[in-house]
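First comes the structure, then the notes that go with it.
Computed from heavy atoms alone, side chains included, the values below leave out hydrogens, waters and symmetry copies.
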Amino acid sequence: MARDPFRAAVVRIRHHYRARSTAPVSTLAAAPHPYTRVLGLLAVVVLGAWLGLLIVGSVRTPVGPMDTTMTLRPSLSGGTKINVSPLGALELNSHVAPVRLDVDVDQLDPERSQALVKHPERLAGLQDEVTGDVAAGTRELAVRSCVAVVSGATALGLAVYRRPRRALAAGGLALALLAASGISAYATWNPKSVLEPKFSGLLSSAPSVVGDARSIVTEFDVYQQELARLVTNVTKLYDATSTLPVYQPDPATIRVLHVSDVHLNPAAWHIIGSLVEQYEIDVIIDSGDTMDHGTAAENGFLDPIRDLGAPYVWVRGNHDSTITQAYLKNLKNVHVLDEGSAVNVGGLRIAGTGDPQFTPDRSRPTGGRAAAELAGIRLASALRDQQRAGTPVDIAVAHDPNAARQTDGTVPLVLAGHVHHRVNELLKFGTRLKVEGSTGGGGLRAVQNEKPEKVRASVLYLDRATRHLQAWDEITLGGLGLTTAEVSRHLPEENLADPSPSPTVSNTSP
């Protein structure tokens, strides 16, 4: 009996080692290597922190007269990227850290901009105001980013590991990584990076247009004066459109606003919106060259079309690309016409074709007039097909007048642009050709001209029953810096009861 406890102990030890001899094989096979566990935790931390920043890690903050959105993004090189839609972006080598600061300029606040115009003395303190706004926005972004990375990493850690301690460890590690990134950015901060920005998109030509960034800094007083002059000119242009006299046509009249050659001038949307409201426009027809280079970076410029308050019919100009055309097709109130396609809108049937050439900078060979005329011949053929099908077209649209002339005899009215001046001509077989000037005043490049190009648009009045042109108003604004506005009434020759000249109403601000 004395030996029974000993034998029992031996049996227990034997069973223990037998278990040790078999269990470790499966246990070691299932247990991850320590390095694997560390790498897995780091992956959870980085992915969770990135998701947190993506979802809640941005702040909207005013910077001077602009509304901006600031966001931290993971990056291998760091730096700062300022997106100025639709013109492009500029990148600053501001710091070295695994995070990049993205600043999106959303819009220019009209009230704050006009306050600068009315009180130009405030420009003297604009630099300090912008500095303070950026500092406040950065502090708010830092707090929000800390919350975002900790929340994101903790939530993902809890979903992956299902253990609160592991999840909290992931959140703490994410906060430590963000703090280390902040310290790295602070230690490598380069305030002189603003003197040597890297431009992309349309802004790639900025150094040649606005001068070297270093000269802007050294001659800040001159820069302030030019900024004030530009803001003042645009504001005066807005004021001129809001005081235009309005003609009240017969209720049975269809009102069409013809615009063309906006050429990326953002002031044009305010002008068009004012005319739509004042003249109660039924449909807007744009005969092309809305863009300048037709790049994807410009597409955001088109977004205000959605808020103009009227259907928008558009054909492609030689400065508009197929990228531009595809983007416009996705806007709900826009009707893109090409290759003779037709649409019923605003009580009218309208057909049109895009320009066959894409020549934003004249750097490639073109088909010239022959290509435009061939496109016009195809448009005329489509118009005849519509006529035979019992759906005659009321208005045809082409960008180049050489294309528009080929539709003579197939449609009562054809609209065009391209040449930046007005043409009104009754063609040989009875079609009226109306060419509009530049509704963008020649576009953004107009600010470089010694004499600003005038802003032009026309309101066409068509009989709702016959859909024939009854009259039109030609609206002419003095352009940037000139606050003249003129509206002249015109009647078709066949509608003139007497040869007296058309009335003209003008508004001139000092």
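- Defined by atom type and a distance below 3.5 Å, a donor-acceptor pair is present between the side-chain atoms of H399 and D289.
- The aromatic rings of H263 and H319 sit perpendicular, their planes meeting at an angle over 60°, well past the 30° parallel limit.
- No side-chain heavy atom of V103 sits under 4.5 Å from any side-chain heavy atom of K81.
- When every heavy atom of G352 is checked against every heavy atom of L337, the shortest pair comes out as N-CD1, 3.6 Å.
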Test log, rule side-chain contact (heavy atoms from CB on, under 4.5 Å), inputs K332 and R306: CA-CA 7 Å; K332 290 184 178 180; R306 289 180 285 209; over 6 Å; no

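- Proximity of a side-chain donor or acceptor of T439 to a complementary backbone N or O of S260 within less than 3.5 Å is detected.
- Without hydrogens or angle criteria, S184 side chain to V96 main chain gives a donor-acceptor distance under 3.5 Å.
- With contacts defined as side-chain heavy-atom distances shorter than 4.5 Å, the pair D303/Y327 qualifies.
- Looking at D338, D355, T353 one by one, the single match for side chain to side chain donor-acceptor pair (under 3.5 Å) with R316 turns out to be D338.
- When side chains are defined from C-beta on, D104 does not count as touching T68, because their heavy atoms never get closer than 4.5 Å.
- Summarising the geometry, atom OG1 belonging to T71 is positioned 10.0 Å from atom CZ belonging to R144; distances are rounded to the nearest 0.5 Å.
- Rounded to the nearest 0.5 angstrom, D102 CG and S75 OG are separated by 8.5 Å.
- The main-chain N or O of A398 is never found under 3.5 Å from a side-chain atom of S287 such that the two would form a donor-acceptor pair.
- Atom CG of L47 is separated from atom CG of L42 by 12.5 Å, given to the nearest 0.5 angstrom.
- Put simply, the side chain of Q357 gets close to the backbone of G368: a donor and an acceptor are under 3.5 Å apart.
- Counting heavy atoms from C-beta on, the side chains of Y312 and V345 never come closer than 4.5 Å.
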Step-by-step side-chain contact (heavy atoms from CB on, under 4.5 Å) determination, T324 to L302: CA-CA 9 Å; T324 304; L302 302 168; 4.0 Å; yes

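- Looking at I285 and L257, their side chains never come closer than 4.5 Å, going by heavy atoms from C-beta outward.
- A176 pairs by the side-chain contact (heavy atoms from CB on, under 4.5 Å) definition with nothing, not counting sequence neighbours.
- The shortest heavy-atom contact between H293 and P360 is CA-CB, 3.8 Å.
- A donor-acceptor contact closer than 3.5 angstrom links the side chains of S458 and E436.
- Here the shortest heavy-atom pairing between P304 and W269 reads CG-CD1, 3.7 Å.
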Check against side-chain contact (heavy atoms from CB on, under 4.5 Å), D320 and F358: CA-CA 7 Å; D320 305 315; F358 178 55; 5.9 Å; no

Pair V313-I284, side-chain contact (heavy atoms from CB on, under 4.5 Å): steps then yes or no: CA-CA 6 Å; V313 178; I284 305 166; over 6 Å; no

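- Of the possible donor and acceptor atoms, none in the side chain of H270 sits under 3.5 Å from a partner among the backbone N and O of A268.
- We find the CD1-CD1 distance between I305 and I272 to be 7.5 Å, quoted to the nearest 0.5 Å.
- To the nearest 0.5 Å, the span separating CG on D261 from CD on E453 amounts to 8.5 Å.
- Between the side chain of S181 and the main chain of P98, no donor-acceptor pair closer than 3.5 Å is present.
- The nearest pair of heavy atoms linking A174 to A153 is CB-CB, 3.6 Å.
- Of the N and O atoms on the side chains of N318 and T359, at least one donor lies less than 3.5 Å from an acceptor on the other residue.
- The two residues R100 and G78 make their nearest non-hydrogen contact at CG-O, 3.7 Å.
- Taking the six-membered ring where tryptophan is involved, the planes of H95 and W189 are essentially parallel, since the angle between them stays under 30° and well short of 60°.
- No side-chain heavy atom of V283 sits under 4.5 Å from any side-chain heavy atom of I281.
- Residues T295 and S321 have side chains not in contact (no heavy-atom distance under 4.5 Å, counting atoms from C-beta outward).
- Considering CD1 of I183 and OG1 of T188, their distance stands at 11.5 Å, rounded to 0.5 Å.
- Scanning all heavy atoms of the two residues, the minimum distance from S58 to T69 falls at CB-CG2, 4.1 Å.
- In this structure the side chain of C146 reaches within 4.5 angstrom of the side chain of L175, judged on heavy atoms.
- In this structure, E277 contributes its side chain and G273 its backbone to no donor-acceptor pair below 3.5 Å.
- In this structure, R73 places its CZ atom where more than 12 heavy-atom neighbours from other residues, nucleotides or ligands lie under 6.0 Å away.
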